[in-house]
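Here the structure is laid out as structure tokens; the discussion comes afterwards.
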Amino acid sequence: MTTATGVRETTFRDAYREGIRDALIRDDATFLMGEDVGRYGGCFGVSKGLLEEFGPERVRDTPLSESGFVGAGIGAAMNGMRPIVEVMTVNFSLLALDQIMNNAASMLHMSGGQINVPVVIRMTTGAGRQLAAQHSHSLEGWYAHIPGIRVLAPGTLEDARGMLWTALQDPDPVLIFENGAMYPVSGPLPANAGPVEIDHAAVRRHGEDLSLITYGGSVPRAMLAAETLEEEGISAEVLDLRTLRPLDGAAILGTVARTHRALVVDEGWRSGSLAAEVSARIMEGAFYELEAPVARVCAAEVPIPFAQHLEQAAIPQPETIVAVARGLVRGDG
Amino acid sequence: MTTATGVRETTFRDAYREGIRDALIRDDATFLMGEDVGRYGGCFGVSKGLLEEFGPERVRDTPLSESGFVGAGIGAAMNGMRPIVEVMTVNFSLLALDQIMNNAASMLHMSGGQINVPVVIRMTTGAGRQLAAQHSHSLEGWYAHIPGIRVLAPGTLEDARGMLWTALQDPDPVLIFENGAMYPVSGPLPANAGPVEIDHAAVRRHGEDLSLITYGGSVPRAMLAAETLEEEGISAEVLDLRTLRPLDGAAILGTVARTHRALVVDEGWRSGSLAAEVSARIMEGAFYELEAPVARVCAAEVPIPFAQHLEQAAIPQPETIVAVARGLVRGDG
Amino acid sequence: MTSTLPTGRSGLDQWDGVLLLREMLRIRRFEERCVELYSASKIRGFMHLYIGEEAVATGVMQALRPQDAVVSTYREHGHALARGLDPKAIMAEMYGRVEGCSRGRGGSMHLFDADARFYGGNAIVAGGLPLAVGLALADSLRGRDVVTACFFGEGAVAEGEFHEAMNLAALWSLPVLFCCENNLYAMGTALGRSESQTDLTIKASSYEMSAWAVDGMDVLACADAAREAVELVRGGGGPCFLEFRTYRFRAHSMYDPELYRSKEEVAEWKTRDPLDALARRLREDGLLSDAGRDAMEREVEAEVDEAVAFAEAGTLEPVEDLTRFVYRRDVP
Amino acid sequence: MTSTLPTGRSGLDQWDGVLLLREMLRIRRFEERCVELYSASKIRGFMHLYIGEEAVATGVMQALRPQDAVVSTYREHGHALARGLDPKAIMAEMYGRVEGCSRGRGGSMHLFDADARFYGGNAIVAGGLPLAVGLALADSLRGRDVVTACFFGEGAVAEGEFHEAMNLAALWSLPVLFCCENNLYAMGTALGRSESQTDLTIKASSYEMSAWAVDGMDVLACADAAREAVELVRGGGGPCFLEFRTYRFRAHSMYDPELYRSKEEVAEWKTRDPLDALARRLREDGLLSDAGRDAMEREVEAEVDEAVAFAEAGTLEPVEDLTRFVYRRDVP
Ligand SMILES: Cc1ncc(C[n+]2csc(CCOP(=O)(O)OP(=O)(O)O)c2C)c(N)n1
Ligand SMILES: Cc1ncc(C[n+]2csc(CCOP(=O)(O)OP(=O)(O)O)c2C)c(N)n1
Ligand SMILES: [Mg+2]
Ligand SMILES: [Mg+2]
């Protein structure tokens with residue numbers, strides 16, 4: 001991605017912050033706006049320190065008015081700015097869905113190509129922190145249904161650091177979903193890490209026996225599963241979709257062409273998940289390549305429960321991925 | 001369904017009205033609430049005359065406050081009533097999504113089984129009437145992603161007439177999507193048509209060569225296509241899903257077991273469509289039965305344009321269905 | 001924070017009454033033709049007429065400069081015409097032609113013109129208000145001397161998006177002119193069935209925003225109020241709210257049996273027709289002769305004829321272009 | 001429509017001060033224990049403390065009857081305890097045990113008790129308000145003599161759902177008591193950064209709703225105001241809005257570095273601790289001796305101990321039951 005002149009240990013939280021800070025420095029048309037991004041330092045600490053550095057016009061605290069300030073971000077984007085709108089979590093973004101679907105996603109088309117909306121909307125997503133039904137949605141795959149927006153789901157530190165700038169350069173609305181459970185996770189990041197492209201999926205691990213196709217918060221779980229599988233003598237390729245809309249169909253068919261078996265791992269609810277779309281695309285584009293039916297490991301179809309053991313049972317676990325993958329390869333699935 | 005003592009010609013509009021009227025007569029815990037359901041007679045004339053018959057408490061005009069009155073319907077349902085909440089069209093329901101997903105769908109689970117929400121939310125859906133990007137969404141398949149709600153899509157007069165009462169008897173929240181273009185369509189309905197069950201898909205036409213799996217506004221198009229196919233010597237079965245959540249998986253696998261080929265027709269945008277879910281289920285449950293990959297005919301991935309020729313090109317047409325079906329069966333698809 | 005009429009009411013000495021009448025007439029005749037064309041199935045889809053309310057758009061636009069922005073609703077033919085959009089492009093749009101101001105993709109409810117800074121044509125009630133706030137936020141951040149005028153009906157006032165947008169605009173002291181067209185009904189719902197407080201200026205004032213009610217049937221009053229309000233907004237006084245008390249003479253849309261109001265009520269309001277009122281005054285004041293008026297009618301008719309001819313001659317966007325404009329940047 | 005304090009302020013002759021103190025102490029000690037348990041990782045997830053605001057829930061609940069309904073937020077331990085939910089079931093819920101009041105599925109933010117008519121524990125800011133309107137609508141349609149008390153923070157006032165719910169309740173004259181707990185901050189956002197109009201009673205009045213501000217640090221004032229408001233609501237006077245001016249002594253949740261307010265400000269407010277104030281008064285009036293107070297402390301501590309023991313002894317719902325309660329009716 002970048003030639004590392006050095007590598008440092010960083011958290012996702014810090015990588016996201018660096019991306020925002022970088023954008024605020026590089027482009028004065030960019031500003032950050034959302035609930036508690038300023039004085040509080042961001043609900044999850046992502047924007048800590050930015051108010052002090054950039055001032056309240058460029059790091060703007062908003063009232064609790066998701067539809068209002070998302071709409072305002074869209075309007076500002078229509079008028080020369082490059083706003084980064086933070087919706088604290090995907091759960092609250094439902095309040096702004098009208099603005100996202102009916103305005104941001106439709107504007108360019110409905111105006112006959114005249115008015116584009118270069119807004120970036122960031123939000124936290126995902127379960128796993130015992131936040132219960134109203135604070136644990138994983139809806140990035142669901143958002144990917146909407147034409148007119150791009151949907152990004154960073155699953156690595158490089159992408160957490162680098163997707164924002166590229167998204168801001170994009171003339172169209174981009175939604176970035178940050179997995180909440182990953183904020184404190186740390187790992188090595190090249191010192192000179194910077195913008196990354198946002199059009200393609202990436203093979204995170206090469207393998208021959210099956211493909212684990214996933215994104216966002218499930219990437220580390222799929223990687224873990226792949227390691228376990230390797231110990232069992234099963235070679236798993238891990239494809240990180242990265243961009244959920246538009247989907248990189250070629251990469252999906254490409255990995256299946258290599259491995260002939262696919263398992264899609266998705267933290268969204270199973271029915272109508274992005275995993276279903278991936279499966280359908282493989283059906284359509286690689287049916288005759290398949291040595292086994294494409295499988296899915298998704299979230300259970302329940303509002304996410306509070307109790308830890310129930311919550312963990314509701315979302316994809318490495319052990320489940322391993323078990324299903326084993327079944328696919330050994331044919332006893 | 002019902003033993004017909006007689007048959008009359010009825011429109012979908014009238015069938016829906018009859019269903020509402022019947023419910024208002026049978027159960028005084030039921031009331032209808034929504035924008036312009038009363039004095040205006042319903043945006044599409046569905047509730048015309050009901051205000052006069054039942055009075056303003058049971059046919060309640062609401063202000064333009066989708067989140068507010070949908071939430072109020074949920075609250076009333078939690079407190080002994082059986083509200084029928086009309087959201088004028090699915091396009092505006094985005095404003096109420098917080099209430100639908102975070103409250104209606106989550107309440108029972110998050111309260112540990114204590115508080116159920118027997119609300120029915122009706123809305124118009126679909127394109128085809130040159131209403132352009134903000135008034136043409138087909139999101140019923142998308143809504144079917146949400147655990148905790150039931151999603152119904154009447155595709156026949158019987159279902160338009162009969163699903164409401166059954167939905168009202170259901171202890172859980174039910175969303176009914178009425179295809180707007182079908183309101184003026186008329187056909188024969190048994191004089192004694194009444195409530196219908198809401199758990200199963202229905203084979204609308206038997207066939208042997210392939211299955212057209214569809215729902216709602218695409219049912220008539222699939223039936224038309226099946227007729228054309230028959231003329232070409234291709235025998236198509238038409239499965240009307242009827243209930244989009246929970247999906248009748250057995251019926252889907254059942255029809256594929258008979259025909260070994262499936263084409264899913266869906267007015268929703270293709271990526272992340274309900275059609276993808278159907279395809280994925282067939283992948284998982286009937287892979288080895290398939291003689292061809294499951295195909296999809298969906299809406300183009302564009303905000304629906306105003307111009308008639310573009311709009312028609314954006315949504316599934318019988319000719320497209322026929323062409324794709326032919327390809328599937330003849331193997332040249 | 002006031003709900004009284006603005007001071008300093010002016011008259012025909014202040015405004016070019018003939019121009020105002022012509023502007024209103026352009027809207028009236030354009031829409032009358034639209035009705036005919038709708039009956040002839042030349043125009044389809046939803047169509048919402050502004051007839052009766054012409055004074056509002058006409059008056060407000062007098063107070064705006066080219067660099068100002070306008071956000072409107074689905075009932076926006078009047079705003080678009082008064083803002084100076086080409087009637088040919090508007091009519092072609094309603095025909096679904098590629099020559100239309102939105103390339104036929106928008107239709108009657110989605111007229112757009114980036115050059116005129118006319119940001120739609122928004123068909124979600126109250127959905128345009130947050131956009132207006134954002135447009136104004138950008139201007140404010142950039143220190144531009146620009147006002148955003150945002151039109152919406154009184155029905156929008158019940159929506160949460162209204163509330164959020166009003167608060168944001170006032171809180172951040174943004175240059176937005178909120179133009180509420182109170183025509184007493186939202187489809188079939190009378191204001192009193194939709195708002196616990198029917199004095200909308202009181203509602204607006206509760207956001208610490210200057211708010212006035214204006215006679216929306218009097219184009220001079222509308223122009224006056226808009227001028228005063230725009231001055232305030234432009235001077236950095238924060239947003240302003242104008243409630244224009246008006247009435248639509250026609251049905252809500254083309255499918256409205258009008259069960260919710262009496263013929264008498266409509267007739268009563270028609271006696272206050274803004275065109276008639278101004279025309280009468282112009283004649284009385286000797287500013288417009290009958291011959292002048294006839295000439296104006298002919299000119300306006302010619303403009304409408306030309307628009308229709310243009311639309312009729314328009315072409316359809318090739319179906320292959322269906323997926324254009326979903327994204328400005330296509331994936332390589 | 002008034003924004004003054006209710007008339008007829010009463011004192012310790014009107015209310016059982018000892019009982020009020022005990023109720024507040026139950027909340028305080030319960031939550032203090034929760035903090036310890038959180039540090040020990042016995043409780044997880046988001047947890048929002050009510051410490052400092054106890055007078056509000058305690059006062060309001062005095063005015064309610066068992067048939068009345070309560071809707072609360074994620075900061076609802078105090079409301080739940082004051083409403084009479086079993087502390088054992090609450091603590092077990094926070095432990096994620098099946099013996100919890102929501103079977104461990106809800107946690108701290110989603111306490112429910114259908115028998116107590118306690119409708120959560122709602123964690124979407126302002127999301128509970130439309131529910132309260134609906135509960136009250138049902139009561140009104142059924143002619144039941146029931147009031148729904150709906151609690152929310154001042155941060156909720158900026159949300160569209162607040163606006164829509166306020167209007168519906170006032171428009172339909174529904175028996176809702178809106179209890180706004182104005183603790184000056186929404187997470188780290190001070191009221192003045194969130195509302196153009198910071199006098200919330202003025203906002204509420206703009207819906208034609210009676211609205212008063214109340215000293216939320218004075219439990220007697222809270223009880224008085226609630227009684228007066230509930231009488232009005234119960235008498236068919238439509239909804240009422242009470243703004244309780246209060247303060248949270250602790251962080252917003254367990255992960256809040258409190259960068260947005262000064263230690264001095266917090267210390268200043270702590271001098272107005274509602275428990276201290278009432279305890280002082282009770283002692284001065286000779287209504288509660290030091291011994292009595294000690295006994296009360298011991299009783300309350302025993303209750304908390306018992307709750308913790310109950311939670312500790314609680315069991316986990318079998319994983320096989322994960323998909324229970326998604327639907328009440330399972331498909332055959
Ligand atoms: C959010 C939303 N809800 C409902 C509708 C359907 N609808 C279109 S116009 C209208 C009435 C709006 O009334 P008002 O705001 O007073 O404007 P007017 O039509 O009177 O100009 C309604 C209910 C919509 N377009 N958007
Ligand atoms: C719709 C929504 N947006 C954001 C949040 C995140 N959040 C939780 S509590 C809170 C602050 C609410 O403040 P306030 O209403 O004053 O209540 P308080 O916490 O002070 O009691 C925020 C922003 C949320 N839960 N719901
Ligand atoms: Mg109106
Ligand atoms: Mg607060």
Side-chain angles (χ1 to χ4, degrees), chain B residues 34-45 47-49 51-52 56 60-69 71 88-89 91-96 98-99 127-137 183-184 269 299-315, chain C residues 43-46 74 93-98 100 102-110 120-127 153-162 185-191 193-196 252-253 255-261 316-326:
Chain B
E35 290 160 15
D36 288 303
V37 296
R39 282 155 195 87
Y40 195 92
C43 180
F44 303 102
S47 51
K48 200 164 159 187
L51 170 70
E52 292 70 20
R60 180 176 294 257
D61 280 323
T62 66
L64 278 140
S65 308
E66 284 78 4
S67 201
F69 70 75
M88 200 179 274
T89 80
N91 311 283
F92 319 142
S93 76
L94 299 177
L95 290 161
D98 168 55
Q99 287 296 332
R129 292 168 293 155
Q130 288 199 254
L131 304 184
Q134 294 184 330
H135 277 68
S136 302
H137 298 316
Y183 281 136
W269 292 307
E301 308 214 29
V302 298
I304 301 296
F306 166 73
Q308 193 175 28
H309 67 298
L310 294 177
E311 180 179 39
Q312 291 301 320
I315 59 180
Chain C
I43 301 177
R44 292 163 186 268
F46 283 165
Y74 48 87
E93 186 59 34
M94 307 193 27
Y95 268 65
R97 304 295 198 233
V98 70
S102 308
R103 296 182 71 96
R105 278 175 161 76
S108 163
M109 300 200 288
H110 302 298
N122 293 281
I124 301 297
V125 171
E154 89 295 339
V157 171
E159 290 280 7
E161 293 197 307
F162 165 85
Y185 294 90
M187 290 188 58
T189 301
L191 182 58
R193 297 192 193 284
S194 132
E195 290 294 335
S196 56
H252 165 73
S253 69
Y255 300 108
D256 168 10
E258 291 187 73
L259 304 171
Y260 49 83
R261 61 182 190 180
L316 297 179
E317 178 131 26
V319 170
E320 303 72 57
D321 285 356
L322 171 63
T323 57
R324 275 185 75 185
F325 311 126
V326 180

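Chain letters run A, B, ... following the sequence lines, proteins first, then strands; residues in each count from 1. We use all heavy atoms of the structure for the numbers below, so side chains are in, but hydrogens, waters and symmetry mates are not.
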ask   = What option among C:Arg105, C:Glu159, C:Arg324 has the most heavy-atom pairs under 4.5 Å with chain B?
value = C:Glu159
task = Report the option among C:Val125, C:Thr323, C:Leu259, C:Leu316 that has the most heavy-atom pairs separated by less than 4.5 Å from atoms of chain B.
result = C:Leu316
message = Using only atom types and a distance under 3.5 Å, with no angle test, would you say the side chain of B:Glu35 pairs donor to acceptor with the backbone of B:Met88?
response = no
inquiry  = Quick check for you: among B:Gln312, B:Glu311, B:Gln134, which has the greatest number of heavy-atom pairs under 4.5 Å with chain C?
reply    = B:Gln134
Donor-acceptor contact below 3.5 Å, side chain C:Ser102 vs main chain C:His110 = yes
request  = Can you tell which part of B:Ala300 gets under 4.5 Å to a heavy atom of chain C, answering side chain, backbone, both or neither?
outcome  = side chain
task = Give a yes or no answer on whether the side chain of B:Ser65 reaches the backbone of C:Ala158 with a donor-acceptor pair at less than 3.5 Å.
result = yes
inquiry  = In terms of relative ring orientation, are C:Tyr260 and C:Tyr185 parallel, tilted or perpendicular, with 30° and 60° separating the classes?
reply    = tilted
request  = Identify which of C:Pro257, C:Ala156, C:Ala126, C:Gly188 forms the greatest number of heavy-atom pairs closer than 4.5 Å to chain B.
outcome  = C:Gly188
query = B:Leu94, B:Asp61, B:Leu131: which one forms the most heavy-atom pairs within less than 4.5 Å of chain C?
reply = B:Leu131
Max heavy-atom pair count under 4.5 Å with chain C, selected residue of B:His309, B:Gln130, B:Arg129 = B:His309
request  = Assess whether side chain to side chain contact (heavy atoms under 4.5 Å, CB included) is satisfied between B:Arg39 and B:Leu51, documenting all intermediate values.
outcome  = CA-CA 7 Å; B:Arg39 282 155 195 87; B:Leu51 170 70; 3.7 Å; yes
inquiry  = Heavy-atom cut-off 4.5 Å, strictly under: side chain, backbone, both or neither for C:Glu161 against chain B?
reply    = side chain
query = Mind checking what makes ring pair (Phe, Tyr, Trp, His ring centres under 6.0 Å) contact with C:Tyr74, not counting sequence neighbours?
reply = C:His48
ask   = Contact part of C:Met187 toward chain B, heavy-atom cut-off under 4.5 Å: side chain, backbone, both or neither?
value = both
key: Most chain B-contacting option - heavy-atom pairs closer than 4.5 Å, from C:Ile124, C:Leu191, C:Asn122, C:Val157   = C:Ile124
task = Count the heavy atoms of every other residue, nucleotide or ligand shown that sit under 6.0 Å from CZ of C:Arg97, and state whether that count exceeds 12.
result = yes
Proximal component of C:Phe46, with respect to chain B [non-hydrogen, under 4.5 Å] = both
query = Counting only N and O atoms by type, is there a donor-acceptor contact under 3.5 Å from the side chain of C:Glu154 to the main-chain atoms of C:Ala186?
reply = yes
note = Cut-off 4.5 Å, heavy atoms of chain B, and the answer for C:Asp321 is neither
